[in-house]
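Here the structure is a predicted model, which means the values were calculated and not measured. First listed ligand is number 1; within each ligand, the first listed atom is number 1.
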Amino acid sequence: MSTAVTPDLPAEVDLRTAPGVLEGARDLELTPERCDLPYWFDHVAGGMLRQLRDGTIPDPEPTAAVLTPGPLREALVTEFAFRHLAEAKATRALTQLVFHAPDEACLEFFSTQLIDEARHARAFRDHLLRLGVPAGELAATVRKYAAEDGAAVLDPLEKFGLGVLDTGDFHGGVLVLTVLVEGVLAPAAELSERKWRRFDPAAALIERAANVDEIRHLAVGSAVIRRLLTEQPGQRQRLLDVLGRGHELWQRLPMADLLLRRETLFQQGLAEHAALAEGYQVWPDRLLLDTTAQERMAAAELWSHETQQSRLAYMLLAEGDAA
Ligand code: FE
Ligand code: FE
C-alpha cells in the first residue's frame, strides 16, 4: 500500500482534494485540449483510479443496514440499478458524440468520457454484487428494480438526444448531454453521495469517484459550447431551441415520482437505522435524521437548478444574454 500519488495530480482529479459537485460543476474551467488522452491516462487512470486501487483512499465496507433485507437496502438497490442503466445508456450515446466530433481534441475527450461512463455503469452494477446479489441474478435484478423507471425516464431522454445527433448536430448533442442529462443528474448524485455515507460508505465512495468525473464532463462540455458561441454567435438561437425542446420533454418525464419513491424508501430505512446517522449533517447545519423525503428532493432540485443556471451563463446561453 502506498500513499505516494503522482505529485502533479491536478486537484480536480485527486479524490482527496477534488471539489464537490456543487462547487466544481458550477465554476471549474477545463477544455477538451487540456483533458486529452494523455491527461486521462496520467491523471484519471494513473491518478484518481490508482488512488482507489493502491489504498490511498481506503475502500470501506457496506454496513449491515444495507446488507440485510429492508427498505434501506431496497432504496439502495433501486437507486444503483437505475444508475447502472443510466450510465450504460450514456456510454452508448457517447459513441455518436465521438462519431460527430468536429476536431481531434473533441474526439479524444469524448472518447475518454465514453470510457468514464462505461466505468460508472460497471461500478454501480458491481456494487450490487457487493450487496450480496448473486452474479447470476445481476441482470434480472437490474431489470426488476429499474427497467420500468428506465423506460419511463431514460428511454425518452435517449431518443431525444440521439434525435439531435442524428442530424449531425454535435454541439446540440453536447448541450443535451451537458445541461439536460448530466446537469440534472450530477446534483442528484451529490445528494446520493451524502445520503449513503453512513449506511454504505462504499456506495458513497463510488458516487464520489463518479462525481469527480462528472465535474470534468460538465466543465469540458460547457467549454465546448462556450467556444462555439464565442466564434459563431449566430448558432445561439439554434441551441436555445434544442434546450427549449429538452426542457419541454423534462416536464413530461415522471422524474419526481421516481425520486419520491426513492426518497420515501430511504426515509423508512432512515427511521429503522437511525442510530447510524446520529449527528451526521447531510449539508451544513442540517442533520440527515431531521430531513424528510420532500426536503431532500427539494434540495437536489435547487442544486440542479443553480448548477444549470451557472453553466448556461458560462456557455453564453443565459436568458438575459444578447443574441
Ligand atoms: Fe457517469
Ligand atoms: Fe458523465
Side-chain angles (χ1 to χ4, degrees), residues 12-13 15 18-26 28-32 34-37 39-40 43-45 48-49 52 79-98 101 106-128 142 146 149-150 153-154 157-158 160-162 165 170 173-193 196 203-225 246 255 300 303-304 307-308 311 315:
E12 74 270 8
V13 280
L15 282 167
V21 167
L22 302 185
E23 312 92 64
R26 284 171 202 170
L28 188 69
E29 268 201 89
L30 288 172
T31 60
R34 164 111 177 104
C35 298
D36 57 5
L37 277 179
Y39 174 100
W40 193 90
H43 303 316
V44 181
M48 185 188 89
L49 295 176
L52 292 170
E79 180 172 347
F80 272 43
F82 181 81
R83 292 297 298 283
H84 166 71
L85 287 184
E87 303 286 353
K89 271 203 191 302
T91 310
R92 291 171 190 276
L94 270 151
T95 61
Q96 294 308 299
L97 278 184
V98 174
C106 284
L107 179 113
E108 290 200 3
F109 170 73
F110 287 101
S111 297
T112 70
Q113 182 169 348
L114 187 155
I115 301 288
D116 289 335
E117 307 304 1
R119 276 174 37 229
H120 299 166
R122 168 184 276 260
F124 287 111
R125 183 200 62 199
D126 282 2
H127 194 63
L128 299 177
V142 169
D149 287 339
V153 172
L154 300 175
L157 272 175
E158 177 184 54
F160 177 67
L162 291 180
L165 280 162
F170 169 80
V174 172
L175 190 64
V176 170
L177 190 66
T178 305
V179 178
L180 298 167
V181 181
E182 308 216 280
V184 175
L185 298 182
E190 172 75 20
L191 176 65
S192 181
E193 179 186 332
W196 291 112
L205 180 58
I206 289 171
E207 291 281 13
R208 171 79 177 136
N211 286 341
V212 168
D213 292 325
E214 296 312 343
I215 292 169
R216 183 171 65 256
H217 301 162
L218 279 164
V220 176
S222 36
V224 167
I225 301 292
M255 194 64 189
W303 295 346
S304 117
T307 304
Q308 284 199 12
R311 275 299 165 194
M315 291 184 212

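Summarising the geometry, atom CD belonging to Glu207 is positioned 9.5 Å from atom CD belonging to Glu190; distances are rounded to the nearest 0.5 Å.
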TODO: Applying side chain to side chain contact (heavy atoms under 4.5 Å, CB included), run through Arg119 and Glu87 and close with a yes or a no.
DONE: CA-CA 8 Å; Arg119 276 174 37 229; Glu87 303 286 353; over 6 Å; no

- [ ] Verify side chain to side chain contact (heavy atoms under 4.5 Å, CB included) between Leu180 and Phe160, making sure each step is shown before the conclusion.
- [x] CA-CA 10 Å; Leu180 298 167; Phe160 177 67; 3.9 Å; yes

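Atoms of the protein (N, O or S only) found under 2.8 Å from the Fe ion (ligand 2) are Glu117 OE2, Glu182 OE2, Glu214 OE1, His217 ND1.
Each of Ile206, Leu205, Asn211 was compared with Glu193 under the side-chain contact (heavy atoms from CB on, under 4.5 Å) criterion, and only Asn211 meets it.
Note: His127 and Phe80 have tilted aromatic rings, judged against thresholds of 30 and 60 degrees for the angle between ring planes. The aromatic rings of His217 and His120 are tilted relative to each other, their planes meeting at an angle between 30° and 60°.
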